[in-house]
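One is the number of the first residue; the rest follow in order along the sequence.
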Amino acid sequence: MRIEFLARGATLATAAESNRPMQRRRLGTDGPTVSALGLGCMGMSEFYGADRDESESIRTIHRALELGIDFLDTADVYGLGRNEELVGRAIAGNRNAYFVATKFGSVRDADGTFRGPNGRPEYVRSACDASLERLGVETIDLYYQHRVDRNTPIEETVGAMAELVQAGKVRHLGLSEAAPATIRRAHATHRIAALQTEYSLWTRDPEQNGVLATVRELGIAFVPYSPLGRGFLTGTLSTQDALGATDARRSHPRFQGDNLAANVRLADAVKALAQRKGCTPAQLALAWLLSRGEDIVPIPGTKRVRYLEDNAGAVKVQLTDDELHAIDDALPAGATAGDRYAAAGMAGLNL
C-alpha cells in the first residue's frame, strides 16, 4: 500500500484513520495487548527544550486514544514527578481506556541533579506509592525499574516489585536497560512482561549484545524508547542550532561536533529512502522497527498532535524485503558516530 509523501509535521489524520486500524501487540507470552505504537510522554515535561505547552500535551494524549494508541509511557524522574502528574490529568475520567507504564529507580535531587539508581526494596515501595498518587490511579499497568542498581541484587528489587503486584498496586513488571544475565535473574524471580531499551536505526545494540535474543527466549516483549533517534531520524536536527539552549540532547555525544556531521548523512539516507517509499522519515524508521518482530512495541515520544499523527501512519507502511535490505545497506549496525549518552549515562547501561 502506498502512502502519499508528506513533510514532517503535516497532518496524517486521514492516513492514520483509514482502512488499516492501529495494530495490537502482546506484552510478553501471556501478557496484555497494547497498541503497536505507544506514546512516550517524557518530552512533555522536560529534557527536549523549554517550548512546552501542557494543553497541547494533553490534547496529544487524547488524540493518541482517538488514533488507537493506548500505551502511555512516563517515569517518576521526568520533570521531577511533573510528567506523571500531567499524564494523570490527561487520563482522568477515562483511566481504563489507557495502559499506563511508569518507571522508578533513577533518583534525582530537588534541583534536578541525578544521584543514580536505587533498587532497594523500601525505595521500590515508597516510589510506587508516590507514582500512584501523582498519576491519580489505583493501579499501574506496567511498572519498570528504570536503571539497574548495581548495589542491590536484582532478586531483591524484583521481589519488592512482585509484592506490589500481590498488593494490587501494579499489574505487570518491566526492566529498562538491563543486561541478559540480569534479565534472566529478574525473570526467574517474577515474570517480566517487557524490557525497555533504546533501539532504532541508529541504535542497534540490542541486536548485538544478546538483549533482544534473551527477551525473545524468555517470552518478554521489547519496548524500544527513542525509536526515532531522539528525533534525529526525522531529518530536522542537522545542526545544534536546531536544539534549544536547554535541550538535553546538546550533551549527547551523537549531537556534537564531528559526530553530528557524520550522523547527518544517516538522517539524509533515511529521508531519501522515505521519499522513495512515499512516506515520511519518521514513518520509515518506525515501520522498520515494527518489521523486526511482533514482540516489538516502539514508544515514539512527542508533545504535539501533528507529530503524533505522523508517527501513527507508520503502521500503514509495509516494507518489502528489498526495501529492508536497502535500509540495512544505508544504515548498518554500528554506523552511528558517538555514544548514546555522556560517560556517566553510559556507565548505567546494560548492567
Mind checking the [atom1]-[atom2] spacing from [X] to [Y]? Nearest 0.5 Å is all I need.
{"X": "I299", "Y": "M42", "atom1": "CD1", "atom2": "CE", "result": "9.5 Å"}
{"X": "D141", "Y": "H172", "atom1": "CG", "atom2": "NE2", "result": "7.0 Å"}
{"X": "D70", "Y": "F99", "atom1": "CG", "atom2": "CZ", "result": "8.5 Å"}
{"X": "L290", "Y": "Q318", "atom1": "CG", "atom2": "CD", "result": "9.0 Å"}
{"X": "R204", "Y": "Y199", "atom1": "CZ", "atom2": "OH", "result": "6.0 Å"}
{"X": "F71", "Y": "M22", "atom1": "CZ", "atom2": "CE", "result": "13.0 Å"}

Below 4.5 Å, heavy atoms only, C-beta onward: do [X] and [Y] meet side chain to side chain?
{"X": "L86", "Y": "C41", "answer": "no"}
{"X": "P117", "Y": "V107", "answer": "no"}
{"X": "Y144", "Y": "L173", "answer": "no"}
{"X": "S200", "Y": "L228", "answer": "no"}
{"X": "Q196", "Y": "D73", "answer": "yes"}
{"X": "T139", "Y": "K169", "answer": "no"}
{"X": "F222", "Y": "V297", "answer": "no"}
{"X": "I140", "Y": "L132", "answer": "yes"}

**OP:** Anything under 30° is parallel, anything over 60° is perpendicular, the rest tilted; go ahead and classify W202 against F232.
**Re:** parallel

Original post:
After noting the C-alpha distance and the side-chain angles of E198 and S226, does the key distance pass the side chain to side chain donor-acceptor pair (under 3.5 Å) rule?
Top reply: CA-CA 6 Å; E198 187 172 355; S226 295; 4.6 Å; no

Without swapping roles, check the side chain of [X] against the backbone of [Y] for a donor-acceptor pair under 3.5 Å.
{"X": "R95", "Y": "Y98", "result": "yes"}
{"X": "D339", "Y": "P253", "result": "no"}
{"X": "R63", "Y": "L308", "result": "no"}
{"X": "T152", "Y": "D149", "result": "no"}
{"X": "T60", "Y": "V305", "result": "yes"}
{"X": "R25", "Y": "A36", "result": "no"}
{"X": "R82", "Y": "G79", "result": "yes"}
{"X": "E217", "Y": "T214", "result": "no"}

**OP:** Could you please spell out the steps behind the side-chain contact (heavy atoms from CB on, under 4.5 Å) verdict for R340 and L349?
**Re:** CA-CA 10 Å; R340 293 199 273 145; L349 305 181; 3.1 Å; yes

**OP:** Show your reasoning for whether salt bridge (charged side-chain N to carboxylate O under 4.0 Å, His left out) applies to R216 and D295.
**Re:** CA-CA 8 Å; R216 284 182 164 161; D295 54 350; 2.7 Å; yes

Are [Y] and [X] connected in a single hydrophobic cluster, I mean Ile/Leu/Val/Met/Phe/Trp/Tyr linked by side-chain heavy atoms less than 4.5 Å apart?
{"X": "L212", "Y": "L324", "answer": "yes"}
{"X": "I154", "Y": "Y143", "answer": "yes"}
{"X": "I192", "Y": "V124", "answer": "yes"}
{"X": "Y123", "Y": "V165", "answer": "yes"}
{"X": "F104", "Y": "I183", "answer": "yes"}

To check you understand the geometry: which heavy-atom pair defines the closest contact between [X] and [Y], and what is its length?
{"X": "S45", "Y": "N83", "answer": "OG-ND2, 2.8 Å"}
{"X": "L195", "Y": "S176", "answer": "CD1-N, 4.2 Å"}
{"X": "V270", "Y": "L284", "answer": "O-CD2, 3.8 Å"}
{"X": "L286", "Y": "L37", "answer": "CD2-CD2, 4.4 Å"}
{"X": "L273", "Y": "A326", "answer": "CD2-CB, 4.1 Å"}
{"X": "G112", "Y": "L80", "answer": "N-CD1, 4.2 Å"}

Original post:
Hey, do the aromatic rings of Y341 and H252 have their centres closer than 6.0 Å?
Top reply: yes

Are [X] and [Y] within salt-bridge range, i.e. N to O under 4.0 Å?
{"X": "R304", "Y": "D53", "value": "no"}
{"X": "E46", "Y": "R52", "value": "no"}
{"X": "E56", "Y": "K303", "value": "no"}
{"X": "D30", "Y": "R191", "value": "yes"}

Original post:
Can T182 and R150 be said to form a side chain to side chain donor-acceptor pair (under 3.5 Å), step by step?
Top reply: CA-CA 10 Å; T182 302; R150 66 175 74 242; over 6 Å; no

Counting heavy atoms not belonging to [X], are there more than 12 under 6.0 Å from its [atom1]?
{"X": "R265", "atom1": "CZ", "answer": "no"}
{"X": "E138", "atom1": "CD", "answer": "no"}
{"X": "D109", "atom1": "CG", "answer": "yes"}
{"X": "E155", "atom1": "CD", "answer": "yes"}

Subject >> Test log, rule side-chain contact (heavy atoms from CB on, under 4.5 Å), inputs E84 and D76 >> reply: CA-CA 6 Å; E84 287 183 326; D76 60 3; 3.7 Å; yes

Subject >> side-chain contact (heavy atoms from CB on, under 4.5 Å) between Y307 and T234, intermediate numbers included >> reply: CA-CA 10 Å; Y307 294 158; T234 67; over 6 Å; no

Identify each donor-acceptor pair in which a side-chain atom of residues 157-164 lies under 3.5 Å from a protein atom, sequence neighbours left out, and give them as a table.
unit_1, atom_1, unit_2, atom_2, d
T157, OG1, G119, O, 2.6
E163, OE1, R125, NH1, 3.3

Original post:
Can you tell me if S126 and R120 form a side-chain donor-acceptor pair at under 3.5 Å?
Top reply: no

Subject >> Worked verdict on R89 versus E54 for salt bridge (charged side-chain N to carboxylate O under 4.0 Å, His left out) >> reply: CA-CA 10 Å; R89 288 191 292 273; E54 181 171 309; 2.9 Å; yes

**OP:** Check step by step if side chain to side chain donor-acceptor pair (under 3.5 Å) holds for Q283 and N311.
**Re:** CA-CA 6 Å; Q283 291 169 350; N311 294 340; over 6 Å; no

**OP:** Apply side chain to side chain donor-acceptor pair (under 3.5 Å) to the pair D111 and T113, showing each step before the final yes or no.
**Re:** CA-CA 6 Å; D111 64 359; T113 302; 2.9 Å; yes

**OP:** Applying side-chain contact (heavy atoms from CB on, under 4.5 Å), run through N350 and E177 and close with a yes or a no.
**Re:** CA-CA 5 Å; N350 204 37; E177 293 285 3; 5.6 Å; no

